[in-house]
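Please read the structure below before turning to the comments.
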Amino acid sequence: MKNSTAGSGPKRVTTRTIAEMKRGSSKIACLTAYDYLTARLLDQAGVDLILVGDSLGMVFQGHETTLAVTLEEMIYHTKAVIRGVERAMVVLDMPFMSYQASAEEGFRNAGRVMKETGAGAVKFEGGERIAELVRMTTQAGIPVVGHLGLTPQSIRQFGGYQPRGVSAGEAKRILRDAKALEEAGAFAVVLEKIPSSLAGKITKSLSIPTIGIGAGLQCDGQVLVVSDMLGIYEDFHPRFVRRYARLADTIRTAVGAYVNDVKTKKFPSQKESY
Ligand code: KIV
């Protein structure tokens, strides 16, 4: 990260800034990033939180799910992202099986990624089940973001990407999980693909911010996968993704023009040669 809160660059987003946003100063804008160049653009455009999501397993590595992503890969990508960021807070998504075996193992892995990457926080999927891990981690001074609702690391158990929290029983459980995360010390919680009414209820009952993805307008902030909202990842298009650009088309057109220029000897020109 190029500047610190004490440096000359833009004022860094911290857990305190995020808490103030919940109290009404502004909605929280979050996007994912996996590389230096994209992170730099998002930061320059004013994104508050940059999540190095394990969604990189799908949109960067081409896997069908996020399950194959390793801790080493998350560290590698987060280091690249950090180099591009001056203002935003960078959150590292703890990958599948880096914290599920025991709270102690998750705690040590969280400590390791904080030391090696310079990230500002880590994210874990789960609620009451991981409360002890969240408590240990936050008590050691590591800020934690929780993640509830459709948690992609449990996709094999869910059996698909259907919305969560639709039944009264599951909605109750998600609300209880959100409260458990807050009580354990998490500073924010991602709510993925749950009914807007439930997300609104959770947002009102928590003092920490909620960041929604497919969870409606009442959340304190929104997150999208950057390759989805830029229209680069075309494999599927869930209804909660708004496409702000169609970069896949732009890239194919540009690359097609380049290929044509090379084949027809129009590139390079005299001016582009030495
Ligand atoms: O991995 C990811 O990108 C995420 C977001 C979808 C919240 O967890």
Side-chain angles (χ1 to χ4, degrees), residues 18 27-35 38-39 42 47-71 73-78 80-81 88-100 110 113 117 119-127 130 143-156 158 160-165 174 177-178 181 186-194 199 202 208-216 219-230 232-233 235-243:
I18 298 297
K27 291 272 189 185
I28 301 159
C30 177
L31 284 174
T32 65
Y34 318 109
D35 66 280
T38 309
L42 303 192
V47 167
D48 303 306
L49 280 181
I50 295 182
L51 172 67
V52 187
D54 64 355
S55 48
L56 70 84
M58 299 169 77
V59 301
F60 188 88
Q61 298 174 333
H63 291 294
E64 206 185 301
T65 70
T66 62
L67 302 181
V69 178
T70 66
L71 196 63
E73 287 164 350
M74 293 308 300
I75 291 172
Y76 171 87
H77 284 278
T78 305
V81 164
M89 177 186 246
V90 176
V91 180
L92 182 151
D93 203 5
M94 296 295 287
F96 182 56
M97 289 318 291
S98 68
Y99 60 95
Q100 280 88 347
V113 302
T117 65
V122 295
K123 177 167 86 56
F124 299 116
E125 294 184 6
I130 59 153
V144 170
V145 178
H147 185 159
L148 296 171
L150 198 160
T151 45
Q153 290 174 16
S154 303
I155 201 64
R156 296 292 188 223
F158 294 154
Y161 290 91
Q162 299 82 5
R164 312 300 307 179
I174 295 174
D177 280 338
L181 288 173
F187 77 96
V189 55
V190 170
L191 299 175
E192 179 162 355
K193 221 170 177 186
I194 62 171
I202 295 172
I208 58 171
T210 57
I211 301 171
I213 172 161
C219 295
D220 298 301
Q222 299 294 328
V223 56
L224 284 176
V225 170
V226 71
S227 354
D228 287 342
M229 61 85 73
L230 291 179
I232 306 173
Y233 188 69
D235 291 8
F236 61 86
H237 184 180
R239 91 169 189 218
F240 62 77
V241 172
R242 185 178 295 179
R243 291 225 200 279

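We count ligands from 1, going down the list as the structure has it; atoms in each ligand are counted the same way.
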Table please: side-chain donor-acceptor pairs of residues 219-228 below 3.5 Å, with sequence neighbours left out.
unit_1 : atom_1 : unit_2 : atom_2 : d
Asp220 : OD2    : Lys22  : NZ     : 2.9
Asp220 : OD2    : Thr210 : N      : 2.9
Asp220 : OD2    : Thr210 : OG1    : 3.4
Gln222 : NE2    : Gly216 : O      : 2.9

Relative to the heavy atoms of [X], which atoms of ligand 1 are at a distance of less than 4.0 Å?
X: Ile213; value: 6 (C)
X: Thr32; value: 3 (O)
X: Gly53; value: 1 (O), 2 (C), 3 (O)

Parallel under 30°, tilted from 30 to 60°, perpendicular over 60°: which one fits the rings of Tyr34 and His77?
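Ring orientation, 0 to 90° scale: perpendicular.
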
May I ask you to check if ligand 1 and [X] share an N or O to N or O distance below 3.5 Å?
X: Lys123; answer: yes
X: Glu192; answer: no
X: Asp93; answer: yes

Please check: side-chain N/O of Thr151 versus main-chain N/O of Ser154, any donor-acceptor pairing under 3.5 Å?
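Between the backbone of Ser154 and the side chain of Thr151 there is no qualifying donor-acceptor contact (under 3.5 Å).
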
Judged by modelled atom types alone, do Tyr76 and Thr78 share a side-chain donor-acceptor pair under 3.5 Å?
no

Tell me which protein heavy atom sits closest to atom 2 (C) of ligand 1, plus the residue, atom name and distance to 0.1 Å.
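The closest one turns out to be Ser55 OG, 3.3 Å.
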
In terms of residue, atom name and distance, what is the protein heavy atom nearest to atom 4 (C) of ligand 1?
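Of the protein heavy atoms, Leu51 CD2, 3.5 Å lies nearest.
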
Side chains of Asp93 and Leu51: closer than 4.5 Å at any heavy-atom pair?
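Yes, their side chains come closer than 4.5 Å.
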
Would Val69 and Gln61 count as a side-chain contact (heavy atoms from CB on, under 4.5 Å) here? Give the steps.
CA-CA 9 Å; Val69 178; Gln61 298 174 333; 3.7 Å; yes

